[in-house]
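Count residues from 1 along the sequence.
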Amino acid sequence: MRIGSGYDVHRLGEGRDLILGGVKIPYEKGLIGHSDADVLTHAIMDALLGAAALGDIGKLFPDTDPAYKGIDSMLLLKKVGEAIGKEGYLIENIDSTVIAQEPKLRPYIDTMRERLAEALELSVDQVSVKATTEEHMGFTGSGEGMAAQAVCMLSSVREAYSVDVTAAGACTGCGPEGCPMRK
């Protein structure tokens, strides 16, 4: 088992969509960043990459690369999921929290969980998303920005099933139906 943690923060500004967990949320401001600035998805990606010792999102998707300008973070999350799988890891669960004074996020949390789970090919019950305020304290409490933190647990296919895993991430002992771990 491996545990990872991730944290991200973005400033709020005019003229941007507010995207959290792959969901566009109606609000007068959006998060500012090189990509879509989805602070929740970024924290989750960093937790996953950290657990697998693969660096962070800045290493994989540098903000100096024009290819990532305005990119949908859900596409990046899928790539992170693929990288985790190629290393022979399975995502056991993700627990995350968005820290923002406004807007109220409860109406969107179930959809966020669904979008995140879909991007990583997980069951929704493996993804937790929560939201909290900071009671009007700090940059999130004053409405200057939003933050998110995430933790995850990975297990190794090798450890979980005592089978050899090739460099491509395929179990060498799987039958014609394919690897049961990939379904």
Side-chain angles (χ1 to χ4, degrees), residues 3-52 54-84 91 93-120 122 124 126-153:
I3 297 170
S5 68
Y7 177 80
D8 196 36
V9 59
H10 284 277
R11 181 178 300 277
L12 282 162
E14 303 290 331
R16 296 274 302 203
D17 289 332
L18 177 58
I19 309 292
L20 295 171
V23 177
K24 184 176 175 181
I25 297 170
Y27 192 58
E28 68 257 11
K29 296 179 182 177
L31 294 167
I32 299 169
H34 185 69
S35 67
D36 63 6
D38 184 338
V39 71
L40 173 60
T41 302
H42 294 183
I44 290 170
M45 287 190 286
D46 270 346
L48 293 167
L49 291 167
L54 295 175
D56 60 23
I57 60 173
K59 178 180 175 185
L60 265 64
F61 316 112
D63 63 6
T64 55
D65 188 334
Y68 303 119
K69 177 79 173 152
I71 195 165
D72 180 344
S73 292
M74 299 308 284
L75 296 174
L76 302 179
L77 180 61
K78 287 179 185 180
K79 290 182 183 216
V80 167
E82 291 167 2
I84 299 295
I91 302 168
N93 75 303
I94 297 167
D95 184 24
S96 60
T97 304
V98 177
I99 304 142
Q101 194 63 42
E102 292 181 337
K104 295 294 181 194
L105 299 177
R106 178 64 228 139
Y108 309 99
I109 286 179
D110 290 340
T111 307
M112 289 180 209
R113 291 178 62 216
E114 290 167 5
R115 293 287 318 276
L116 293 162
E118 179 183 341
L120 292 168
L122 300 174
V124 173
Q126 292 175 275
V127 180
S128 171
V129 175
K130 304 178 299 295
T132 190
T133 69
E134 288 191 308
E135 303 297 327
H136 301 281
M137 297 183 295
F139 74 92
T140 60
S142 69
E144 293 177 65
M146 292 184 179
Q149 54 189 358
V151 294
C152 70
M153 182 175 291

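In terms of heavy atoms, Arg113 sits closest to Val129 at CG-CG2, 3.8 Å. Residues Ala147 and Thr140 share a closest heavy-atom pair of N-CG2, 3.9 Å. Minimum heavy-atom separation, Ile19 to Leu31: O-CD1, 4.4 Å. Considering every non-hydrogen atom in both Arg115 and Gly21, the closest pair reads CB-O, 3.5 Å. For the residue pair Gly55 and Lys59, the shortest heavy atom distance occurs at CA-CD, 4.1 Å. The minimum heavy-atom distance linking Val151 with Ser5 is given by the pair CG1-CB, 4.1 Å.
Side-chain contact between Leu120 and Ile91 is present, with heavy atoms from C-beta onward closer than 4.5 Å. You'll find the side chain of Glu144 reaches within 4.5 Å of the side chain of Arg11, heavy atoms only. Residues Ser128 and Asn93 are not in side-chain contact: their nearest non-hydrogen atoms beyond the backbone lie 4.5 Å or more apart. Between Gln101 and Thr133 there is a side-chain heavy-atom pair separated by less than 4.5 Å. Using a 4.5 Å heavy-atom threshold, the side chains of Asp36 and Lys24 count as separate.
Here the CG atom belonging to Leu54 is positioned 11.5 Å from the CG atom belonging to Asp46, to the nearest 0.5 angstrom. Separation of atoms CD1 (Ile84) and SG (Cys152) is listed at 7.0 Å; rounding is to 0.5 Å. Considering CG of Asp95 and CD of Gln126, their distance stands at 13.0 Å, rounded to 0.5 Å. A distance of 4.5 Å separates CE of Met146 from CG of Leu18, quoted to the nearest 0.5 Å. Separating the OG atom in Ser73 from the CG atom in Leu116 is a distance of 10.5 Å, to the nearest 0.5 Å. Rounding to the nearest 0.5 Å places CG of Asp56 at 10.5 Å from CZ of Phe61.
Put simply, the side chain of Asp38 never gets that close to the backbone of Asp72: no donor and acceptor are under 3.5 Å apart. Under the 3.5 Å distance criterion, the side-chain polar atoms of His10 are left unmatched by any main-chain donor or acceptor of Gly30.
Annotation: ring pair (Phe, Tyr, Trp, His ring centres under 6.0 Å) contacts of Tyr108 (sequence neighbours excluded): none.
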* **side-chain contact (heavy atoms from CB on, under 4.5 Å) evaluation trace for Leu76 with Thr41** => CA-CA 9 Å; Leu76 302 179; Thr41 302; over 6 Å; no
* Before giving the answer on side chain to side chain donor-acceptor pair (under 3.5 Å), spell out for His42 and Asp8 the whole-Å C-alpha distance, their side-chain angles and the decisive distance to 0.1 Å. => CA-CA 6 Å; His42 294 183; Asp8 196 36; 3.1 Å; yes
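For Lys79, the NZ atom counts as loosely surrounded, since its 6.0 Å shell holds 12 or fewer non-hydrogen atoms of other residues, nucleotides or ligands.
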